[in-house]
Protein chains: 2
Amino acid sequence: MIKPPTRIQQRNRAAILSAGLDVFSQFGFRGATLDLIADAAGLSKPNLLYYFPSKESIHTALLEQLLDTWLDPLKALDGTGDPIKEIMAYAQRKLAMSRDYPRESRLWANEILQGAPRIEDILKDDLKALVDEKAQIIKAWADDGKIADIDPHHLIFSIWAFTQHYADFDVQVRAVLGNKDPYDGASVFLDTLYAKLLQP
Amino acid sequence: MIKPPTRIQQRNRAAILSAGLDVFSQFGFRGATLDLIADAAGLSKPNLLYYFPSKESIHTALLEQLLDTWLDPLKALDGTGDPIKEIMAYAQRKLAMSRDYPRESRLWANEILQGAPRIEDILKDDLKALVDEKAQIIKAWADDGKIADIDPHHLIFSIWAFTQHYADFDVQVRAVLGNKDPYDGASVFLDTLYAKLLQP
DNA sequence: CTTGCATTTGACCAACTGGTCAAAACAACG
DNA sequence: CGTTGTTTTGACCAGTTGGTCAAATGCAAG
């Protein structure tokens, strides 16, 4: 029989996951240490291992939790909506994710940079399937002359690249802009960019 | 008096730097180990430390070597040339860098992801100065009505983001495209994107 | 207060880490 | 060949790493 988690369990598991997100997203899997995570979570190392059996298991839990959040904005792209509005709304949702979940974006980036050893299958199955499905919708719009005739896959890549850049390269963006908040400017630029690109 | 490096020194230093590039770009500074680098270079660990005094020194050497290569394409943007051609040529140079030097791109990405502790000053000084200078050129073009009126800084970010995406997220891009070469499609897309965006 | 379970901890371990060192092997040159 | 400087190596070290364990503490219900 399964027992419901106590308040302490909920609090500590959440603290560990948040600490793990901090550490893994900054140092990658190999560069992260249990000591760093335990310190950030305010627990002793053996105590941390009472809640998660291994370093790997914390990382896996984070990645699983991330996956849904990460794919949601694209899933919401609606083939029956107004083409240009749909794509631009998707791009804005993605940009908002970078602003609101920068650690998650960097965790993902780290994982891919390291060759995605732990999620390669997911990329090749789930992600590819989802992207292919949405790419077909976009292609249909292009064929109907409702948007400009561009390669749907590279369109999606360009949205990922541009929006995630503000989370993953945050330090660099802020260094160049002199610490001004980048997101207002980015949002305006994003609108201009895709409005012009998609115009049939 | 300075002695010229022997053939062996040249060969081994080059092998170490190449191995270091492999390992640092995949695992980040903390995740990289001297054993991994030594193995990849085909040397024993003490032998490796005969050529570089520390792990840090290998990393520093790589970063210094990278900096010039990395900023060159932007430096070559010429204020006296044809505006749209200049910007599009810059974007294509950047894309070619991702294709030809993916490890360097990932080394840079790793460094920024980790908060750029070792190059923050360079970003705030040299990089910011260079970008500001080129941004002013672009702004002048926009003011003269030679290109569309867009934010020059975010234009540059969009070029960085899109082109580097193909090196840094290589595994993901190939997983989604089913292992087709992405660069031809990316190059075409890049041309379309900026041609439409910059049109006054 | 006591019993039983959940939680926390200090001490510990083997493997790995960055780095040192003296001695050995090698290369070049007269 | 011998000598001299360069290159390579095995053995080693102290600190860190992921992880274990038995014992101690906290806590809630009867």
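To find a chain, count down the sequence lines: A is the first, B the second, and so on, and within it residues start at 1.
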Send over the distance from [X] [atom1] to [N] [atom2], rounded to a whole Å.
{"X": "Arg11(B)", "N": "dA27(C)", "atom1": "CZ", "atom2": "C1'", "result": "13 Å"}
{"X": "Tyr51(A)", "N": "dT9(C)", "atom1": "OH", "atom2": "P", "result": "10 Å"}
{"X": "Leu36(B)", "N": "dT17(C)", "atom1": "CG", "atom2": "C1'", "result": "11 Å"}
{"X": "Gln10(B)", "N": "dT7(D)", "atom1": "CD", "atom2": "C1'", "result": "16 Å"}
{"X": "Leu48(B)", "N": "dT7(D)", "atom1": "CG", "atom2": "C1'", "result": "13 Å"}
{"X": "Glu56(A)", "N": "dT17(D)", "atom1": "CD", "atom2": "P", "result": "18 Å"}
{"X": "Asp39(B)", "N": "dT8(D)", "atom1": "CG", "atom2": "C1'", "result": "16 Å"}
{"X": "Ile37(B)", "N": "dT17(C)", "atom1": "CD1", "atom2": "C1'", "result": "12 Å"}

Exercise for the section: Identify, between Asp35(B) and Asn12(A), the residue whose nearest nucleotide on DNA chain C lies closer to the 5' end. Expected result: Asn12(A)
Handout entry: Residue met sooner reading DNA chain C from 5', once Ile8(A) and Ile8(B) are mapped to nucleotides
Key = Ile8(A)
Which nucleotide sits closest to the side chain of [X]: [options]?
{"X": "Pro46(B)", "options": "dT8(C), dT7(D), dT20(C)", "value": "dT20(C)"}
{"X": "Thr6(B)", "options": "dT7(D), dT20(D), dT8(C)", "value": "dT7(D)"}
{"X": "Lys45(B)", "options": "dG19(C), dG18(D), dT7(D)", "value": "dG19(C)"}
{"X": "Arg30(A)", "options": "dT6(D), dT17(C), dT7(C)", "value": "dT17(C)"}
{"X": "Tyr50(A)", "options": "dT8(C), dT7(D), dT20(C)", "value": "dT8(C)"}
{"X": "Thr33(A)", "options": "dT9(C), dT17(D), dT8(D)", "value": "dT17(D)"}
{"X": "Gln9(A)", "options": "dT8(D), dG19(D), dA6(C)", "value": "dA6(C)"}

Handout entry: Phosphate contact (dT9(C) OP1 or OP2) by Ser44(A) side-chain N/O below 4.0 Å
Key = yes
Handout entry: side-chain N/O Asn47(A) vs dT9(C) OP1/OP2, d < 4.0 Å
Key = yes
Practice task
Pick base, sugar-phosphate or nothing for Ala32(B), based on heavy-atom distances below 4.0 Å to the nucleic acid.
Solution key: sugar-phosphate
Exercise for the section: Check every strand shown and say whether Phe52(B) touches a base, only sugar-phosphate, or nothing at a heavy-atom separation below 4.0 Å. Expected result: nothing
Exercise for the section: Specify the closest pair of heavy atoms between Lys196(A) and Ala148(B), including all atoms of both residues, with the distance to one decimal. Expected result: NZ-CB, 3.1 Å
Problem - Whether Phe157(B) and His165(A) hold their rings parallel, tilted or perpendicular, with breakpoints at 30° and 60° - result: tilted
Practice task
Indicate yes or no for a side-chain donor-acceptor contact from Ser98(B) to the backbone of Thr163(B) under 3.5 Å, with no hydrogens or angles considered.
Solution key: yes
Exercise for the section: Ignoring hydrogens and angles, tell me if any N or O in the side chain of Ser105(A) forms a donor-acceptor pair with the backbone of Tyr101(A) under 3.5 Å. Expected result: no
Exercise for the section: Classify the side chain of Lys55(A) versus the base of dG19(D) as yes if they form a donor-acceptor pair under 3.5 Å and no if they do not. Expected result: no
Practice task
Establish, for the pair Lys55(A) and Phe24(A), whether the NZ or CZ atom is under 6.0 angstrom from the six-membered ring centre and no further than 45 degrees off its axis.
Solution key: no
Handout entry: Stepwise side chain to side chain contact (heavy atoms under 4.5 Å, CB included) check, Thr69(B) with Met97(B)
Key = CA-CA 9 Å; Thr69(B) 325; Met97(B) 297 263 310; 4.1 Å; yes
Problem - Comparing Gly42(B) and Phe29(A) on DNA chain D - which has the more 5′ nearest nucleotide - result: Gly42(B)
